[in-house]
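Okay, so here's the structure we're looking at.
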Amino acid sequence: MLSSSRSFARNHSRYFLLRCFENTATETIQRQDDSDDHGNHIMIPETSFKSSRRYIDCRYASQMRLFHATSRREIVPLVAAAVLIGVVGRYSYRALQRMDEEHEDYLDALEAYEEKYGPVTDESTSSMPLGTLGIDFGSESIRIAFLARGTRTEPKIVENREGDRETPTYVELEYDGDDERMDRIKGISSLGRLAKGKYHERRSRNEHERILKPRDLLYANDVRAHAAVHEALLDATRQALEKVVGPRRDDKSSSALFSISDPDLYNVNAVFTFSSSLSNNAPLPSSSTEESYRSLLKSFFDNEDESQNNLYLVTEAWAAVVGAEHYSMIPGGDGPVMVIDVGGNSIDISLVSGEDECTTVSFPGLGGNVLVDAMARLLDNTIQAKLSNSFSSLLETDDMARQRMYDAAESTVKELSKKSRSEVSLPFLTVDSKSSQPLHLNSGFSRLVLNSEVESMVGIKVKELASSSEMSLPVSKAMKFPETLKDVIASMCFRLFEDSQKGPLELRSILITGGGSRSPIHLTAIKEAVTIFGGEQFVDEKVVVPPGEL
């Protein structure tokens, strides 16, 4: 409409000027002036008339426009300014809304803090926690995350002094004599990665130093569990606090780390997650696993009154559900969530219905370490084929070769989780007893070969556990005896439904967590087991695999 108006105005102006010029030119031609100096009449040539007409058309008609013939150069800046004002106003409004929401959250947090610690004054602000420290005590490693007070960012994993995001939970205890009793423990020789590097080498030695895994001691109800867990947690927690907050006390002999009033210690909220399977089996002497962990962590605080300590204990399964809900990985609702945690030592399957309701079944020996054990056995079988005495197993006779094979097996399993084939090279692994020649291991292994070896080991472990009198088989009695990893997981799920009196259709989601779940072998077995509940569509709708850490 605007363009048509401009065209009309332009044409009308040209027509008006041309008519005026034609009338004037005609009068001039018809009028004869007095003669010029030579007595000739003044006439306007026709060519001059045409060129003048074009001149007027090009110069004057383009400058004349009506009230509605607006130039584009005048409209564009106005439109751009209006759009800019609208965008700035919209985002300013949203920013103000967010500020109001954050202020309401702050008031709620302040009210909760005042209910616990009293009114906030200038003198009491110094006693406010510096942040929240989350400690995940796994069977193979410890992971610690920290969230500073007053920040809206996500918690971040704290790296240890080696730059790793996790610290191995291996402790080397030194004894006074050959008797491995609590009263003969002299101290700790090594911790973390250093102790893990000697675990398989010294596994069969009868020496004064023994390398232990604290969670294994908890499962076995070992009296050394208290000392091992305490030392592993103390070292990893102190490293994390010194990195995120800064050093506090130079004296490392004291085990106290947390305090509300002592400026030489750390005033933070400590959130500790413990195994859901331990909460049901309770292998520690105390009747409650939570109370047992509280007794283990009591020495970390300087105040004997537990009500004044910022210590919070939650199960791993419940913490995983809360994390998944925070990141919107699972839908909201009141239905239970099944958590399949593939740890280093065991597979724990929990049904979380609320903060206090958590039912768990656990199958030891089928976690991520079963892949490493299977890979180490494949390496041992490969090197045995080169030995003159084929009946000798390096995993049983050669301590140094066993440690090197387990280190290579762990790296190969990680590589096979991303690729379908991996190459292993172990030069000078051992020496042939007959030929006295060094033997090297250079071979390639595929994921299918590892999967076949894992299934073979799973069948052996299930039969060993079934024949053991110490623990009943955590599977459903209504199903056939499991012999594969898929059958074990499916039978464990049905056992959990029987214990909780719930059905698979009531599930809100199935959350798969744990370091072992990153292996395609475990992940495929879990999905095939869950398919029994409702087919592939049920798996697509219910199964959730977090892309990273929760």
Is a salt bridge present between Arg377 and Asp380, judged by a nitrogen-to-oxygen distance below 4.0 Å?
no
Would you say that Leu473 contacts Phe481 through its side chain, given a criterion of any heavy-atom pair below 4.5 Å between the two side chains?
yes
Testing Asp487, Thr484, Leu366 for side-chain contact (heavy atoms from CB on, under 4.5 Å) with Val458, which one passes?
Leu366
Which heavy atom of Leu395 sits nearest to which heavy atom of Ala376, and what is that distance?
CD1-O, 3.8 Å
Given Val244, Leu241, Thr132, the one that forms side-chain contact (heavy atoms from CB on, under 4.5 Å) with Val268
Leu241
Would you say Met405 and Leu429 make side-chain contact, with heavy atoms under 4.5 Å?
yes
Would you kindly say whether Glu154 and Tyr327 are connected by a side-chain donor-acceptor distance under 3.5 Å?
yes
Tell me, do Phe538 and Thr531 make a side-chain contact under 4.5 Å, heavy atoms counted?
no
Will you find, in the side chains of Thr359 and Asp499, an N or O donor that is under 3.5 Å from an N or O acceptor?
no
A side-chain contact here means heavy atoms from C-beta on lying under 4.5 Å apart; do Ile349 and Asp341 qualify?
no
Charged N-O contact under 4.0 Å between Arg193 and Glu162:
no
Test side chain to side chain contact (heavy atoms under 4.5 Å, CB included) on Val543 and Ile512; report intermediate values, then the result.
CA-CA 7 Å; Val543 175; Ile512 303 177; 3.6 Å; yes
Starting at CG of Leu257, measure out to OG1 of Thr237 and round the result to the nearest 0.5 Å.
6.5 Å
Nearest atoms (heavy-atom pairs only) where Ser422 meets Glu415
OG-OE1, 2.9 Å
Any side-chain heavy atom of His522 within less than 4.5 Å of one from Leu371?
yes
Closest approach of Val171 and Ala195, non-hydrogen atoms and distance?
N-CB, 4.3 Å
Lys196/Glu410 salt bridge by N-O under 4.0 Å criterion
yes
Please examine the side chains of Arg447 and Arg421, heavy atoms only from C-beta on, and report whether any two atoms are closer than 4.5 Å.
no
Any side-chain to backbone donor/acceptor pair from Ser452 onto Val449? Under 3.5 Å, distance only.
no
Do you see a donor-acceptor pair shorter than 3.5 Å between the side chains of Glu140 and Tyr170?
yes
Side-chain H-bond candidate by donor/acceptor type, Asp399 with Gln403, under 3.5 Å:
no
With a 6.0 Å cut-off (strictly less than), is the heavy-atom count around NZ of Lys243, excluding the residue itself, greater than 12?
yes
Is the shortest distance from a Lys or Arg side-chain nitrogen in Glu159 or Arg165 to a carboxylate oxygen in the other one below 4.0 Å?
no
Test ring pair (Phe, Tyr, Trp, His ring centres under 6.0 Å) on Phe300 and Phe272; report intermediate values, then the result.
CA-CA 12 Å; Phe300 287 12; Phe272 182 83; 8.7 Å; no
For the student: nearest non-hydrogen atoms of Met492 and Pro474, plus distance:
CG-O, 3.5 Å
Approximate separation, where rounding is to 0.5 Å, of Ile526 CD1 and Ile489 CD1:
4.5 Å
Just how far is it from atom CZ of Arg161 to atom OG1 of Thr167, taken to the nearest 0.5 Å?
8.5 Å
Stepwise side chain to side chain contact (heavy atoms under 4.5 Å, CB included) check, Asp136 with Ile144
CA-CA 6 Å; Asp136 180 17; Ile144 299 178; over 6 Å; no
Taking it one step at a time, do Leu234 and Arg238 satisfy side chain to side chain contact (heavy atoms under 4.5 Å, CB included)?
CA-CA 6 Å; Leu234 180 64; Arg238 180 182 282 123; 3.9 Å; yes
Just by modelled atom types, is the Tyr406 backbone N or O under 3.5 Å from a matching donor or acceptor in the His200 side chain?
no
Okay, side chain of Arg495, backbone of Ser476: is any donor-acceptor separation there less than 3.5 Å?
no
Backbone N/O of Phe137 and side chain of Thr169: donor-acceptor pair under 3.5 Å:
no
Approximate separation, where rounding is to 0.5 Å, of Ile347 CD1 and Leu485 CG
5.0 Å
Side-chain donor/acceptor of Ser346 to backbone N/O of Gly365, under 3.5 Å:
no
Tell me whether Asn160 contacts the main-chain N or O of Gly163 through its side chain, where contact means a donor paired with an acceptor under 3.5 Å.
yes
How about Phe258 and Tyr266: are their ring centres within less than 6.0 Å of each other?
no
Could you go through Glu455 and Lys486, starting from their C-alpha distance and side-chain angles, then the distance that decides it, and tell me whether this counts as salt bridge (Lys or Arg N to Asp or Glu O under 4.0 Å)?
CA-CA 9 Å; Glu455 295 294 353; Lys486 179 196 73 172; over 6 Å; no
Glu536 atom CD: more than 12 heavy-atom contacts under 6.0 Å
no
Gap between atom CG of Asp348 and atom OG of Ser362 - 0.5 Å precision
3.5 Å
Does Lys502 reach the side chain of Leu351, with side-chain heavy atoms less than 4.5 Å apart?
yes
Do Val424 and Leu379 have side chains that get closer than 4.5 Å, going by heavy atoms?
yes
Under 3.5 Å, is there a donor-acceptor pair between the side chain of Ser411 and the main chain of Asp407?
yes
Taking all non-hydrogen atoms of both residues, which atom of Met329 and which atom of Pro547 are closest, and how far apart?
CE-CD, 3.8 Å
Nearest atoms (heavy-atom pairs only) where Arg518 meets Ser417
O-CB, 4.0 Å
Tell me whether Ser517 contacts the main-chain N or O of Gly514 through its side chain, where contact means a donor paired with an acceptor under 3.5 Å.
yes
Reported CG-to-CD1 distance for the pair Asn381 and Ile383, which is rounded to 0.5 angstrom
11.0 Å
Between Met338 and Leu511, does the side chain to side chain contact (heavy atoms under 4.5 Å, CB included) criterion hold? Intermediate values first, please.
CA-CA 6 Å; Met338 176 179 286; Leu511 187 62; over 6 Å; no
